[in-house]
Each structure stands twice: as C-alpha cells, then as structure tokens.
Amino acid sequence: MDDLLQEFIAETRETLEALSGEIVAWEADPGDRARLDAIFRFVHTVKGSCGFLDLPRLARLSHAAEDVLAAVRAGERTPDRALVNAVLAVVDRIGELVEAIDAGSAIADTGEDLLIAALSEGSQEVAQAAASTLRAPSRSVRLSVDLLDRMMSGMSDMVLARNELARRLRDDDPDPALEAALERLSATVADMRETVTRTRMQKIDQLFSALPRMVRDTAASLGKSVTLSIEGADVELDREMIEALRDPLGHIIRNSIDHGIEEPARRRALGKRENGRLSVSARQSGNQIIVEIADDGAGIDVERVIAKLVANGRSERELRSLSERARLDLVFEPGLSTKDEVTDISGRGVGMDVVRTSIEQIGGRVELDSAPGKGLRIAIHVPLTLSIIPTIVVRVGDQRFAIPRQAIEEIVNEHGEAIRVDQVGNSFVATVRERRLPLVDLGERLGIARADAAAGRMLAIVGLGVGSFALAVDSVLDAEELVIKPAAPAVMASGLYAGQTLPDSGRPMLMIDCAGIAADAGLRFERRIGADDEVEIEVEAAGTPALLFRDLDDMVRAVPLAVVDRVEEVDGGAASFAAGTLRLAIEGHIIPLAALGEVAGRERLGVLRLRDGASEIGYAMGEALDIVALPDEIAPPRAPGPVAGVALVGGEPVELLDVHWLFAAHAERADAGANAVRIVDSADGWMSTFLRPILEQAGYRVVASEEPGEGALATLAFDDAAIAPGHSAPVVRLRRERVAGAETDSIYRYDRAGILAAVQRQLAGGGQ
C-alpha cells in the first residue's frame, strides 16, 4: 500500500503543477471543452484513487468539485469567476493534503466545509490565498524520459554494430583471438543492454497488485460478489506505459463490476453462479503488450447505448447503419452513460471516453468483444516504444520479416515424415505429430507471391497463449536479436505488424504481429470466463464443429469434424464393389467405403477418411463446402440409419451423418489381439485357403505355429492330425466327411457356424 500511496502522491503533484494554469485559462475561455474535460478527469481520478486508498477528506473534496464540473459539462452551470475561484481553492486544498500525507503531518479540516459550500451556485466568492506547501524531501531520483530514450537508442546502436561485426566475421576466416574478443564484447553488450532496458522496464505486477483490493471494495459497495483472476503479472512493460495504463485500467475494472456483472439475485435467475468472474491478463505480442479484461456479466447492451445517444440528439438511422464493431465502439462516445442514477462509481458519462483518450495518447488502441448475456472482453494494445528482442528472420517471396522468437513453439519442414497438410473446404489444416493446427500462409495474407512455388515451405508453429496455428513461410534465414521500434501509423493500423527494425544487413524489415495475422486469416481464439475458477478457451463459435459437404446425391450434409482425419480426392477407379461391400484402394491398402449415392462411373471422387481411434472407413462425397458449428437442436430421424438427424445451418436444413451407425455397419471388425487361433494345416493347404479368411473375418488372429508368448488360445486341426507333445491349448477337431445322425467329437469342416461356435467356447474356457 505504501508504494501505491507514493505513486498517487507523485502523480498528483505533477498534475497539480499544470492544473492551476489550466483552470485560469478555462475561466478566460469557458467554451474550451478540452480544458474542462481535462480538469474533470483529474478530480474524477483523484476521487477514485482516494476511495481505494481510504482518504476520505480528499475523496469528499474531489467529489464536490466533480459534481459542479459535471454540471458545467451538462450546461447547467456557467463558469463564472466565483465558481473558478472555488474550484481553485479546492484544488489548492487537495495539494496541501497530498503534501501533508507525504510528510506524515496533520492538517485540521477547518474551512473545508466552507470550500465545498462555495462551490454551490449563488455562494459568495472565496478569497484566494497562496497554498502552503509541506513537501517532503524526495526519496527518489526522477530522470528525464528523453535521457532514458537516448540511453536506449545508444544501446540499440551498439547491438546493431555487434550484429554487423559478427556477420562480417562469419563471412571471413576469423582469427581465434578476434572471435574471443567478439564473445567478450557480446557478453558485455548483453549485460549493458539488460541494465539499460531495466531502467525503463518494470513488471506489470506493479499495475496489477492494486486490483484485488479495488475489486473487493467496488463489489462490496455495490452489494456484489466478484472473483478476480490475474495472469501474466511477470510481463515487463515500459514504466511510462504502466503509469499511462493505471487510470484506464481502474475505470475498466469499476465499469465491469458496476455495468457488466449482475447482482446475485439476477445471476441466479439467469442460471449463473452468484459470484461474478473477472479476469485480467497480460501478454507480449511482438512489440506490443496486450492487456485483456474479461467478465462473465451481461455484455454491452447495444440497443440501450443507441437509445441513450438518440436521446442526446444523434441520428438513430445513422447509428443503426453502423457495423457491429462500430456499434460496440459507441460506448467510447464522450458523455455517454447507460446508468440512470449518479453514484460514486458511475453515471457521470466519464469512463470509457477516458480509457480511449488515454490509450490513444500513448499510441495504443482498445478492442471490444461483447457476447450479450455472457460477458465482455476488452483488449488494450500498447507499444513497448523501444525494445531489443530475440527474433527469427524468415523469407516470403523476395522479402524478409522478423517473428518474435518467444511466439514460436517449433519450426518444421512441410514435407517432414510426421507432417501432413490437408485441405478442408477453403481452409488448410496441418497435422504435426497427430496435433491438428489451422494453417496460415504468410505470403497469401501479405499478398506476396512465392519465389519458387514448387519448393517446400517451412511451418512455424506459433503459440498465442490461447491457441496455436501453423504459419507457412518460404524459408527460415537466421536468429537475431533486433532493435524493434514502432512502424509508421499507416503500417501499424493494418494490424499485421508489430514494429520495424534495421538488422545488420542495413535493409529495413518489419516484424510480424502473429495475433494480427491469425485474426486476418479468420482464426478466433477467444477467452471467456467459465463456470469454474479458470479461464476457458473458446475457439470460433459455440457448438460442435462440423464439416459441411455436398454429397453424391446432391444433398448438403455435415459430419462432426472430430472424426474427419483428412479430405482427399481420388481416382474413381479406386472405389469398387468387392467381397460383398464397397471398398476403396488407397495408399497400398483397402478400407471400407460408405456412400449415399452412385459411385460407379465417376472420374474423380471426393473421400472423407473417418477414424474412431481404432479403425478407419471412407465416405464418398462430392465436395467439401465449409466448416460450421452445429446447433444444439437436432431433429431426430424416424429410424436408425446413416443420417442422425436434421439441423438448421445458416437457415437451411442440413442432414447430419450418424458416424456411430456408419462405423457399426462398415468398419472392419477389430483385431482380436491375444485371442489367436492356431491352425494345423494339412498337406493340401485347405485350412489356409478355406478356413483362415473365415476366422479373420470373425475377428480372430490366425497363426501357423505357437511361438513363445504368442498366446494362442485355441487350435484347429483335422481329426487325423498329430499334435506336438506338451501342447496345452484346447484343440477343435475337424473331419473331412459329413456324418449324418451320429454324435462325434469333431466338427464337419464346412460347418461354418459350428466351427466358430466351438472356437468361441474354447476361448471362453467352456470346453468343446
């Protein structure tokens, strides 16, 4: 708490030095809305901080000043000389109290009631007196940000020079003494770089440490119960950015609890847990830090926002013509509040306006993602201003790009043995050692043609914290530590780049924003607060993912994506009717093939290869269309069969394949494992030719000899065959001739049912 109090004192001092002049300038020009907003934000922020730090006198003064300034903003008061003097007197008193708190001395509250009364309309003008300051000696040294920037810039030049020297030595045959000197220089530069970087970088935990108390107090004052989870407190960020984020983050947290999370009774009625869930996380993405705040409340009521703006004079037709994203951004409108009552926390039309203004001033941006009735996610993107980070340099076409090394899990060759790339509809999926990942081609996203389309690509497996995907590049060139700076605003606005750099080659290079590339490709990795204490991951829309395809009979059907191993196009001649069923010859083996349409006569055939973990079947179809999310409501069929029901997808009825029925009807019987049957064949090979296929079709493993550990549990032999001594497995005897009306210990060799029943009894231990 001491650290937070010192931060509050330091920030308030700095603001107060410029604020008195702003108030006087505002008096000269009452129509200057920007100055009025700046003064209002200051007292609003002081009020919020005082409530958290338990400073009731400061909170009382700032609340009174905020009330009168809110009236001026609403046009209910005119900023005359008496009002300006009263505001100045309150601001001076705030300064006195702040210095007294820092010095540990006490100031009587005499006259504070008069100061507050002077703010009322019609009150007499208060006399201005020079504020007495009791500023305590500074316990820290404040360095100019420009000086720190110069230090970091010089350090960056040293890193670039070191990289160039290393490259030149690699190109020539270096002297071992020079190599040793370079290693010492590199170690020194790395140490200096870390030291200089740490002068500006601090863990974001300094920002997050105040949140638990803030959440607790805010929720208690509103009669709510909220559980907070924090992730990424070890992420480091420029100190200037941490300070710039402190107030916007506080506003968002208070708004989430007040506007978003419902009262306990309302949550019970909605089937939610009484405790609201609030998650705050931070992660680094290239040259940016992303701070996400997510709650499981009501989300943004866009209709209510539009109604409020229409009441304030905006055109309803214009507002409703906006895109979904633009309608969400309406909450940033100045003066907007969806609260009907004014409280200590909200209702004055200040909050999200402050958030966006503060974030944009430091070159950042704010994104909203609302799910009505489920919650709201707010992502704050802020730059690192200047950073030296490890990168992987890749080539796409004739251009080079840098990718943050910490974002890459591994790099593999597209044609590696454990790698497979399949097309599913209009999308591609990379299977990396049984791990299925969406595949994004970087050149396609950036509009860069490949230099050699026939050459194999490299796949960088990119992890975003909430999900992973494979990023295809032409080649991987090098690993370098690079100095990353913000690119031009027009470049950064694309959302595809995280900054720019100048490597030792001297050619400017852009750094890829992996999260931006994923978003541009249509991949959505969303974080939502679940019913338990952990943050769950939701990819794309809710519902069961399914592959939508056009079948051979021209019907549109769907199959759960989880059972689709791959989608292929094969020659029509690979499918044939053999041994009583439709089969597909592919990759050197034969698998059962199911179809709901005519297969014969087709030159090319689309095939869904379906797996259940143990067996595989093919399903013949026309073409893959899309990947969709199946709704929960599915109309059942009248009788069991290949169709499990009908669902509405995009407003159209779509039949859903019954994969359970398909596997039950078409899959080959599983191998019986240890239930092996040994056949003692005769000279004519009858058992191998006639009997072996029947046993294997029934699911048994057939062996010719009993090896150690083989585990054969039954033996088939003709009644005149000799069995080796010491044989312990049961023997099923077969006879060559049919014997009518006589009981024998053997089974006629063409009695299929009798043979299978006898084998089953022997394996079950029941005797013949």
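In what follows, every heavy atom counts, from backbone to side chain, and hydrogens, waters and symmetry copies are set aside. Because the structure is predicted, anything quoted here is derived from the model rather than measured.
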Self-check item: Spacing of CD belonging to Glu303 relative to NZ belonging to Lys308, to within rounding of 0.5 Å
Solution: 14.5 Å
Quiz prompt | Counterpart residues, side chain to side chain donor-acceptor pair (under 3.5 Å), relative to Asp205 (two or more places apart) | solution = none
Quiz item: Does a side-chain heavy-atom distance below 4.5 Å link Leu61 with Leu97?
Solution: yes
Practice problem: With sequence neighbours left out, write down each residue that passes salt bridge (Lys or Arg N to Asp or Glu O under 4.0 Å) with Asp247, or none if nothing qualifies. | Solution: none
Quiz prompt | Electrostatic pair Asp295-Arg377, nearest N-O below 4.0 angstrom | solution = no
Exercise. Given side-chain contact (heavy atoms from CB on, under 4.5 Å), test Gln500 with Met511 step by step and report yes or no.
Key: CA-CA 6 Å; Gln500 66 177 351; Met511 170 170 277; over 6 Å; no
Quiz item: Between atom CD of Glu236 and atom CD1 of Ile242, what is the distance when rounded to the nearest 0.5 Å?
Solution: 8.5 Å
Quiz item: Among all residues two or more places apart in sequence or in another chain, which pass the side chain to side chain donor-acceptor pair (under 3.5 Å) test with Arg268?
Solution: Glu274
Quiz prompt | pair Val72-Leu36: side-chain heavy atoms closer than 4.5 Å | solution = yes
Practice problem: State, yes or no, whether a side-chain contact exists between Pro404 and Thr391 at a heavy-atom distance under 4.5 Å. | Solution: no
Quiz prompt | Whether Arg33 side chain and Arg73 backbone form a donor-acceptor pair below 3.5 Å | solution = yes
Quiz item: Residues in side chain to side chain contact (heavy atoms under 4.5 Å, CB included) with Glu243, at least two apart?
Solution: Glu7, Glu11, Arg239, Arg246
Quiz item: Out of curiosity, Ser62 OG to Arg93 CZ, how far, rounded to the nearest 0.5 Å?
Solution: 14.0 Å
Quiz item: What residue among Ile378, Leu237, Leu207, Ile204 forms side-chain contact (heavy atoms from CB on, under 4.5 Å) with Val291?
Solution: Ile204
Practice problem: Could you tell me the separation between the CG atom of Leu368 and the CG atom of Leu328, rounded to the nearest 0.5 Å? | Solution: 6.0 Å
Quiz prompt | side chain to side chain contact (heavy atoms under 4.5 Å, CB included) against Ala71, all qualifying residues, sequence neighbours excluded | solution = Glu76, Arg77
Practice problem: Under the side chain to side chain contact (heavy atoms under 4.5 Å, CB included) rule, collect the residues that match up with Arg435, sequence neighbours excluded. | Solution: Glu409, Leu437, Ile461, Ser468
Quiz item: Of all residues at least two apart in sequence or in a different chain, which pass the side chain to side chain donor-acceptor pair (under 3.5 Å) check with Arg266?
Solution: none
Quiz prompt | Sidechain N-carboxylate O distance under 4.0 Å for Glu262, Arg267 | solution = yes
Self-check item: Counterpart residues, salt bridge (Lys or Arg N to Asp or Glu O under 4.0 Å), relative to Arg57 (two or more places apart)
Solution: Glu112
Quiz item: Got a sec, which residues hit side chain to side chain contact (heavy atoms under 4.5 Å, CB included) with Ile253, two or more places apart in sequence or on another chain?
Solution: Leu211, Met214, Val215, Leu249, Ile257, Leu278, Val280, Ile293
Quiz prompt | Spacing of Ser279 atom OG and Leu228 atom CG [to the nearest 0.5 Å] | solution = 8.0 Å
Quiz item: Where do Tyr497 and Asp513 land on the side-chain contact (heavy atoms from CB on, under 4.5 Å) test, with the steps shown first?
Solution: CA-CA 5 Å; Tyr497 306 103; Asp513 183 343; 5.6 Å; no
Quiz prompt | Minimal non-hydrogen separation, Leu496 against Gly516, with atom names | solution = CD2-O, 3.8 Å
Quiz prompt | With sequence neighbours excluded, residues passing side chain to side chain donor-acceptor pair (under 3.5 Å) with Arg327 | solution = none
Quiz item: Can you name the nearest heavy-atom pair linking Pro264 to Gly223, along with the distance?
Solution: CD-O, 3.6 Å
Quiz item: More than 12 heavy atoms of other residues, nucleotides or ligands under 6.0 Å from CZ of Arg405: is that the case?
Solution: yes
Quiz item: Minimum heavy-atom separation for Gly373 to Lys272, with atom names?
Solution: O-NZ, 2.9 Å
Exercise. Nearest 0.5 Å please: distance from the CD1 atom of Ile290 over to the OG atom of Ser281.
Key: 9.5 Å
Quiz prompt | Sidechain N-carboxylate O distance under 4.0 Å for Arg283, Asp234 | solution = no
Quiz item: Is the closest side-chain heavy-atom distance between Leu439 and Val429 below 4.5 Å?
Solution: no
